[in-house]
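Heads up, the thing below is written out as structure tokens.
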Amino acid sequence: MTSPEPTLYRSPLKDFLRRFLRHRLIILGSIIILSLAVIALFGSKLAPYDPVAMNFAERFATPSLRHPFGTDEFGRDVFSRVLYGAAVSFKVAFIAVAISGTAGVFLGAVAGFFGRWLDEVIMRFMDILFAFPAVLLAITVMAILGRGVGNAMIAIAIVYAPIFARVTRGAVISVRGLEYVTAARALGQQDGFIIWRHVLPNAIGPIIVQTSLSLAFAILAEAALSFFGLGTQPPDPSWGRMLAEGRGFLQQAPWMGIFPGLAIMMSVMGFNFLGDGLRDLLDPRLKQVLSANR
Amino acid sequence: MQNRTRSYVTRILVSLLLLGLAVSGLTQDAGVERGGTLIAAWQQDPVGLDPHITSARSSFQVLENVLDTLLTLDEELNVQPSLAESWGVSDDGLQWTFTLREGVRFSNGRPLVADDVVFTYQRMLDPATGSGNAYKLGGVTEVAAPDDRTVVMTLGAPNPGLLGRLATDKTVGIIARESVEDGTINTEPIGTGPFKITEFQPGSKLVLERNENYWREGLPYLDAVEIRIISDDAVRRSALISGDIDWAFAVPAQSVEELKARDDVVIDEVPAGAYWYIGVNLNREPLNDVRVRQAIANAINRDELALAGAFGNAEPTQDPIPSSNVWDFGYAPYEQDLDKARALMAEAGVGDGFEFEIMPTSQYEESVRIAQVLQAQLAPLGITTSIRSLEWAEWLEEEGAGNYDTYVCSWNVLVDPDDFFYAQHKTGEVFNFTGYSNSTVDTLLEQGRQTADFEERREIYAQVNQTIVDEAPYIYIYNPLEINAYRPDVRGYQTRADQAIRFVETWLDR
Amino acid sequence: MSSRYLLQRLGSLLLVLFGVSILTFAIIPLIPGSPARVRLGVQATDETVAAVEKQLGLDRPLTTQYVDWLQGIVFRGDFGRSLINDKPISAEIARRLPATLVLAVAALLVGLLIALPAGIASALRPGGKLDLGVSVLSQIGVSIPDFWMGILLILVFAENLQWLPSSGFTSLNEDPADWLRHLILPAVTAGIISGSIMTRFTRSALLEVLHRDYVRTARAKGLTERVVVVKHVLRNAAISIATIIGLQLATLFSAVVVVEIIFSWPGLGSLALQSTLQRDYPVLQAAVLMSAMAFAVINLLTDLSYVLLDPSIDYA
């Protein structure tokens, strides 16, 4: 996935405007993510009801002061479930991206830094994983490992690892030949040390951006897995599961799906705003490198 | 309300008196319109169409319209002649003789002969076939055809229930040997039924066309039935309302109430010969203690379970046979009583509570909903449960291997009391997944099979029923309704208590 | 472009496909459950499972199964038969591959219909109200899960307005008009998401070009804005937009699986899912292999078109 590197010329004014807009995105994105993160951390304390407590006298209650987001088919409070679900959805997203980021960055850095056969082997394997239809790969992994939040994280991580590997490899190759790396080598420093100390810090921009975008994808991936009945196990709420279950109740109780859906939308937007903003701020040329993600 | 004349055993006796009298299938109204294609929706793809191998309802509901059995059940579940027009049994009850109807042809035009029956049943009984349905032949050990119209079945032990067995579903339908020989048995089995399979696109659709050789004159009314696979509940509902489909199997339970209020959809429901239950692994502590199981049975609220599991389209029950069935016993020793449950737990030495796992399957969302309610209902007793919801293939394996504490599932297409108890609870039976073993029950189950007198049989099964409910290897939850939904211009269709879907007399008023 | 480059790319494509086939074969039997058990259902016993497995040839060693399978494909183009319904797999693939391709292409077209006008409009006035509106809408488009979007569209256009069928498929030869009617909702469902992604890429691709020297020169020469945009900006942005299109098509090819399931669209994705659930190994292998192949071929074509579009890139 090599791309041409467009040279950039900008008018200072437009550039300023652009950056301002982008900064605005970063600010907006950060606000959204931070507020959702607060909910994820303290949602259990804020929730007015036990998220799994059933109340058969109040099934399918419309949103009201008692139940701001209404209740579901078991009379559970949707508002409390959305608050609890934040923790589950964020946990899945962050851990999945942490796993795939660590694995992908490691493999990509090794491939990019050492090149030659190691590069070939690693990247061909990544190609094979990448060529697997993403949804199927995740489902197959879940089928083997068994369902549940933990395995959903692993499945999502496996799907996104090749992207991290590619992004990292590209970034590493672009700094590999730079003088300070050559100099460090000449000084006889260990390869691992060089990668850690000199190469990765200079290639970190694309990785950070990819992380933010992957978090958005991971939130959606959890929803997709829930659609297939994988992912979070009942009765624990996750946004994806609530949304997937809510689709069967659009007539009786549209609020069952709408509110978790809005929560998903907010968080995806937040991570995307953040990612887009960071991308521009850190290095405009990254766009091309990153266009290879799905 | 018991209506003894509806018992099929009684009917068998009546039928025996009517030997030789063929029942004509002609029940034509004057206003029937012929022709047209009915678009039906299934939720699940048929899992192959070989009646000896598959056990999927999605498959048998197709075969219901393609194959015929020697005998059949009418809407009231009485045994009626079908391919066999008369039958009799030897004095020792070990030899049954069936006389085949004349002039019956397979959909490929070849006349049906007794050899086809022999071929079908021998294939079913052959261990190399690996048929999981062979037990449905009710103990038949040998099948022979002395002439083209006579079939003789030999049993190891008397079984008056055999006639019911041979009528109850299409596992025992008669197939043409051609489809086995040319390898199409699993995709396009040939039968003598009202329709023949002309197109099968797995995962998308299956087309049934009118069998021009069908033996019931003037039937079927429809030219064709196109079965579409629409897996998503919400989409199937929309498809019915928008008129994309005419008829739906497996109506989303949560939509039934809403659909009933519409005048462009007909909801056709009857109590089904089916039950949802909790299967308990009797080899696991502390569930092996009967008091613990009784505590659970006392702790649960079946009304809530029916509301959550089937959205109220079910009748809560404590024993398996639905109240609409002549064999209903209405035995109900449990009521939601947490104090009683606590006392039983204390007696069993687990007064402070215990932990176990509930295994539902994502194949049936209903089971997952039931599991969640169970979890909530047991929590106040200090019983901590975890839910392990598995997809079907894995669930089957875990159930078969006994790797579970409790599971949630249903039994379907049950008519005779033998159907409700024998395979499930007799010692060592392959479907006795709980590991239940009680020699008294075993003896009674065998007696039940060999008893023809209704009162006598009723005594036997009342005892079985009470013992099983008391010892609770199965904790019964509810009897579901069988529900089909269709457009108002679909006529001549009737939802049946035996859950069979038959389009033979269905027509389109348009 | 040298033929060496082409050969090299083809070689690595084959290598990847070979890898995919081995990986699928190796991991699929790790999934708990067996096709024999699925066929037999609740009534499976160890004996009947063994009998059916023998009939299906599953009692042979895995390597033998793999070699037989590969030989069938390479020498006869035959993927074998389904373990569940005995249908020949090659025919199944021949029916479903085009369906997925049609859906992916149609979704891409819908996406482009959204992305090109929206992307161009917002790039011309970056920071303006329109830009902001497009940006928010495209974010919303990306963040709605496809199954949800599909159900909503069905509710509105099939159930309430009754303009379009709720689900299903008609073949093109049978009835072209009906084929199109069935295609619209699934294509729009997948297309909205894809269009939202492409809008963002189109916008930034155009912005980059708009800042280049020759555009400024063209403007300085007094050319009308229309001429500048059409002659200089769009033409130069075409290369990066083409890349995005290729990538989106490849992505769509596997991403439409959820849409296929919602709309009962007979594509490769729904086949693969169904066969996973039923443990129908050879069908799953065939579906995965064909998906991977399509994905790799589209990627290759994208890269090649890229080389053709921009002769300044040298891959010799």
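If you're wondering where the values come from, they're calculated on a predicted model, not measured in any experiment. Convention: sequence-line order gives letters A, B, ...; per-chain numbering from 1.
- When all heavy atoms of C:Gln162 and B:Ile241 are compared, the closest pair comes out as NE2-O, 3.6 Å.
- Chosen from C:Arg96, C:Lys54, C:Glu53, the residue pairing most often with chain B at heavy-atom distances under 4.5 Å is C:Arg96.
- Contacts between B:Gln201 and chain C at a heavy-atom distance below 4.5 Å involve backbone atoms as well as side-chain atoms.
- Across B:Thr184, B:Ile230, B:Asp244, B:Thr129, the residue that shares the most heavy-atom pairs under 4.5 angstrom with chain C is B:Asp244.
- For a residue to count as touching a neighbouring chain, one of its non-hydrogen atoms must lie under 4.5 Å from one of that chain's; by this rule B:Asp232 touches chain C with the side chain only.
- Residue C:Glu47 does not touch chain B at all, counting heavy-atom pairs closer than 4.5 Å.
- Of all the listed residues (C:Ala36, C:Ser166, C:Pro165, C:Ser82), the one sharing the greatest number of non-hydrogen pairs under 4.5 Å with chain B is C:Ser166.
- A donor-acceptor pair is defined here as one N or O able to donate and one able to accept, closer than 3.5 Å; such a pair exists between the side chain of C:Lys87 and the backbone of B:Phe200.
- With chain B as partner, the option from C:Asn160, C:Asp280, C:Ile262 having the largest number of non-hydrogen pairs under 4.5 angstrom is C:Ile262.
- Atoms CD1 and OG1, from B:Ile53 and C:Thr48 in turn, are 8.0 Å apart once rounded to the nearest 0.5 Å.
- Looking at heavy atoms from C-beta onward, C:Ser264 lies out of side-chain contact with B:Ile229 at the 4.5 angstrom threshold.
- In terms of heavy-atom pairs under 4.5 angstrom with chain C, the leader among B:Ala239, B:Gly243, B:Gly400 is B:Ala239.
- Between C:Arg279 and B:Glu391 there is a salt bridge, since at least one side-chain N of the basic residue sits less than 4.0 Å from a carboxylate O of the acidic one.
- Going from atom CZ of C:Arg81 over to atom OG1 of B:Thr187 covers 8.0 Å, rounded to the nearest 0.5 Å.
- For the pair C:Val52 and B:Gly130, the tightest heavy-atom approach, listed with the atom from each and the gap, is CG2-O, 3.9 Å.
- Here B:Asp45 is the residue among B:Leu390, B:Asp45, B:Asp50 with the most heavy-atom pairs under 4.5 Å with chain C.
- No side-chain N or O of B:Arg228 forms a donor-acceptor pair with one of C:Ser167 less than 3.5 Å apart.
- Looking at B:Ala56, neither its backbone nor its side chain comes within 4.5 Å of chain C, counting heavy atoms on both sides.
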Evaluation steps, side chain to side chain contact (heavy atoms under 4.5 Å, CB included), between C:Arg95 and B:Ser204: CA-CA 11 Å; C:Arg95 178 166 78 90; B:Ser204 325; 3.1 Å; yes

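- Residues C:Asn85 and B:Leu49 fail the side-chain proximity criterion, which asks for heavy atoms closer than 4.5 Å.
- When side chains are defined from C-beta on, B:Arg237 counts as touching C:Leu155, because their heavy atoms get closer than 4.5 Å.
- B:Glu394 places no side-chain N or O within 3.5 Å of a backbone atom of C:Ile31 that could act as its donor or acceptor partner.
- For C:Ile151, the part lying near chain B is the side chain, with the backbone staying farther off; criterion is any non-hydrogen pair under 4.5 Å.
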